[in-house]
Amino acid sequence: MNKIALVTGATAGIGKAVAIKLASLGFNIIITGRRIDRLEEIKNEIVVKYSKEVFTLNFDVRNKSEAIKQIEQLPKRWKNIDLLVNNAGLAAGLGTIQEGDMEDWEQMIDTNIKGLLYMTRAISPLMIERKKGQIINIGSIAGKEVYPNGAVYCSTKHAVDALNKGMRIDMVEYGIKVSAIHPGMVNTEFSTVRFHGDKAKADAVYEGLIPLYAEDIADAVEFMVTRPAHVNINDMVIMPTAQATATVIVRK
Ligand code: NDP
Ligand code: 8X3
């Protein structure tokens, strides 16, 4: 069987583009997400275009017992996961701490930090047993800087940055590569989700500049997974050319 990659949050945006890219590189893919119709669509697309095998897992990464069970119950051959892409995540809302919506905070913390931890806890022992594997964590420029009205989202992505470094320390003796990609603005469903479905507000985020596209991040994943065995890319920060920092953006 070909190499196996598991991509969390593969029903949209970066995760979907990464799953498709990895299939084009020859991986069989496990895709996860809460929207089962999307999982089935993407599975069909990959099977038809790339003739790769796809296994779908429909669950919420915030649900600890479900996340662990989904991996435990994988058929034996699908447990040989060579690559885990921890991508599922979101920003919910944009506002100050003093006025923040605590439900939004919990959703971000539970998905971006705890969900990533559950998936890594479930899958890393399988890699350790085989003494091989690679983990790519999708962080953000928000994990390198803090911007106004983004304290909680930025905290979750700073946590991803720290977890990426910590995991690398824990895994090094087993030969497991651990990397992070930290994108700036990528035009996906991210802003629509952040603004709770307000598409006009979301579109305004990308007005007057060429943002990154999900495929640009998939290209970075391709670079990471095609390095020789002795090379690990620790960390990659990728921005649109029109963006210098989280807040310095040139719009024309
Ligand atoms: P999208 O909203 O387009 O995609 C998010 C994906 O995450 C979806 O597949 C969604 O699937 C999944 N997801 C969200 N919550 C859960 C959950 N509780 N359980 C399972 N899956 C979940 O956004 P992006 O593709 O842009 O975001 C992907 C990652 O990239 C995130 O971690 C985000 O923080 C990060 N990022 C995004 C940037 C951007 O500008 N777009 C920049 C920097 C980082 P479903 O809804 O079906 O469950
Ligand atoms: C998403 C990009 O700039 O909203 O992580 O933090 S930003």
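Every number for a ligand or one of its atoms is a count from 1 in the order of the listing. Keep in mind that what you see is a predicted model, and the values were worked out from it rather than measured.
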Heavy-atom nearest neighbour in the protein, as seen from atom 41 (N) of ligand 1, with distance rounded to 0.1 Å:
V186 O, 3.0 Å

For residues N232 and N234, is any side-chain donor paired with an opposing acceptor at under 3.5 Å?
yes

Is it true that R38 lies under 4.0 Å from ligand 1, counting heavy atoms only?
no

Would R194 count as a contact of ligand 2 if the rule is a heavy atom under 4.0 Å away?
yes

Check contact between G139 and ligand 1, using heavy atoms of the residue and a distance below 4.0 angstrom.
yes

Do me a favour and list the nearest non-hydrogen protein atom to atom 6 (O) of ligand 2 with residue, atom name and distance?
Y147 OH, 2.8 Å

Nearest neighbour in protein (non-hydrogen) for atom 46 (O) of ligand 1:
R34 NH2, 2.9 Å

Decide, yes or no, whether a salt bridge links E66 with K69 under the criterion of side-chain N to carboxylate O below 4.0 Å.
yes

Whether the side chain of N187 engages the backbone of P211 through a donor-acceptor N/O pair (distance < 3.5 Å, no angle test) should be reported.
no

Donor-acceptor pair, side chain of Q70 and main chain of L57, under 3.5 angstrom:
no

Under 4.0 Å from one or more heavy atoms of Y153, ligand 1 contributes atoms 33 (C), 34 (O), 36 (N), 44 (C)

With a 4.0 Å cut-off, would you call K165 and D235 a salt bridge?
no

Within the structure, does G33 bring an N/O atom to less than 3.5 angstrom of an N/O atom in ligand 1?
no

Same cluster or not: are L84 and F59 linked, directly or through other Ile, Leu, Val, Met, Phe, Trp or Tyr residues, by side-chain heavy atoms under 4.5 angstrom apart?
yes

Element-labelled atoms of ligand 1 that are located less than 4.0 Å from some non-hydrogen atom of P183
42 (C), 43 (C), 44 (C)

If only atom types and distance count, is the side chain of K144 paired as donor or acceptor with the main-chain N or O of K157 below 3.5 Å?
no

Nearest-0.5 Å distance, NE2 of residue H182 to CE of residue M239
12.0 Å

same_hphob_cluster(I46, I217) at 4.5 Å side-chain heavy-atom cutoff
yes

Tell me whether E53 is salt-bridged to R77, with the criterion being a basic N under 4.0 Å from an acidic carboxylate O.
yes

Could you tell me whether a side-chain N or O of D82 sits under 3.5 Å from a main-chain N or O of I4, the two making a donor and an acceptor?
yes

Which ligand 1 atoms does T111 reach within 4.0 Å, using its non-hydrogen atoms?
15 (N), 16 (C), 18 (N)

Mark yes or no for whether T192, through its side chain, and A202, through its backbone, hold a donor-acceptor pair below 3.5 Å.
no

Interatomic distance, CG@L74 vs CD1@I30, rounded to 0.5 Å, equals 5.0 Å

Just which atoms of ligand 1 are under 4.0 Å from any heavy atom in M185?
40 (O)

Ranked by distance from atom 1 (C) of ligand 2, the top protein heavy atom is F190 CZ, 3.3 Å

Answer with yes or no whether A10 contacts ligand 1, where contact means a heavy atom under 4.0 Å from a ligand atom.
yes

Hey, which atoms in ligand 1 end up nearer than 4.0 Å to a heavy atom of F59?
20 (C)

Check whether NZ of the Lys or CZ of the Arg R227 lies under 6.0 Å from the centre of the six-membered ring of F223 and within 45 degrees of that ring's axis.
yes

I'd like the name of whichever of G184, S140, A142 reaches closest to atom 38 (C) of ligand 1 through any heavy atom.
G184

With a 4.0 Å cut-off on heavy atoms, is A91 touching ligand 1?
no

Sub-4.0 Å atoms of ligand 1 with respect to non-hydrogen atoms of G9:
6 (C), 7 (O), 8 (C), 9 (O), 12 (C)

Which residue and heavy atom of the protein sit nearest atom 24 (P) of ligand 1, plus the separation
T188 OG1, 3.4 Å

Could you list the atoms of ligand 1 found under 4.0 angstrom from a heavy atom of R62?
18 (N)

Which ligand 1 atoms does G13 reach within 4.0 Å, using its non-hydrogen atoms?
3 (O), 25 (O)

For D203, is there an ion pair with K199 - N to carboxylate O distance below 4.0 angstrom?
yes

What about I138: any of its N or O atoms under 3.5 Å from an N or O on ligand 1?
no

Nearest non-hydrogen protein atom, atom 25 (O) of ligand 1
I14 N, 2.8 Å

Atom 5 (O) of ligand 2: which protein heavy atom is closest, and how many Å away?
S140 OG, 2.5 Å

Among all protein non-hydrogen atoms, which one is nearest to atom 18 (N) of ligand 1, and what is the separation to 0.1 Å?
D60 OD1, 2.8 Å

Is ligand 1 less than 4.0 angstrom away from at least one heavy atom of H182?
no

Could you give me the CA-CA distance, side-chain angles and deciding distance for Q134 and S179, then say whether side-chain contact (heavy atoms from CB on, under 4.5 Å) is met?
CA-CA 8 Å; Q134 183 164 16; S179 317; 4.2 Å; yes

Among non-hydrogen protein atoms, atom 47 (O) of ligand 1 lies closest to T11 OG1, 2.7 Å

Residue pair I97, W105: steps toward the side-chain contact (heavy atoms from CB on, under 4.5 Å) verdict:
CA-CA 10 Å; I97 292 290; W105 295 356; 4.2 Å; yes

Closest protein heavy atom to atom 3 (O) of ligand 1, given as residue, atom name and distance to 0.1 Å:
E189 N, 3.1 Å

Nearest neighbour in protein (non-hydrogen) for atom 21 (N) of ligand 1
A88 CB, 3.7 Å

Enumerate the atoms of ligand 2 whose separation from the nearest heavy atom of A142 is less than 4.0 angstrom.
6 (O)

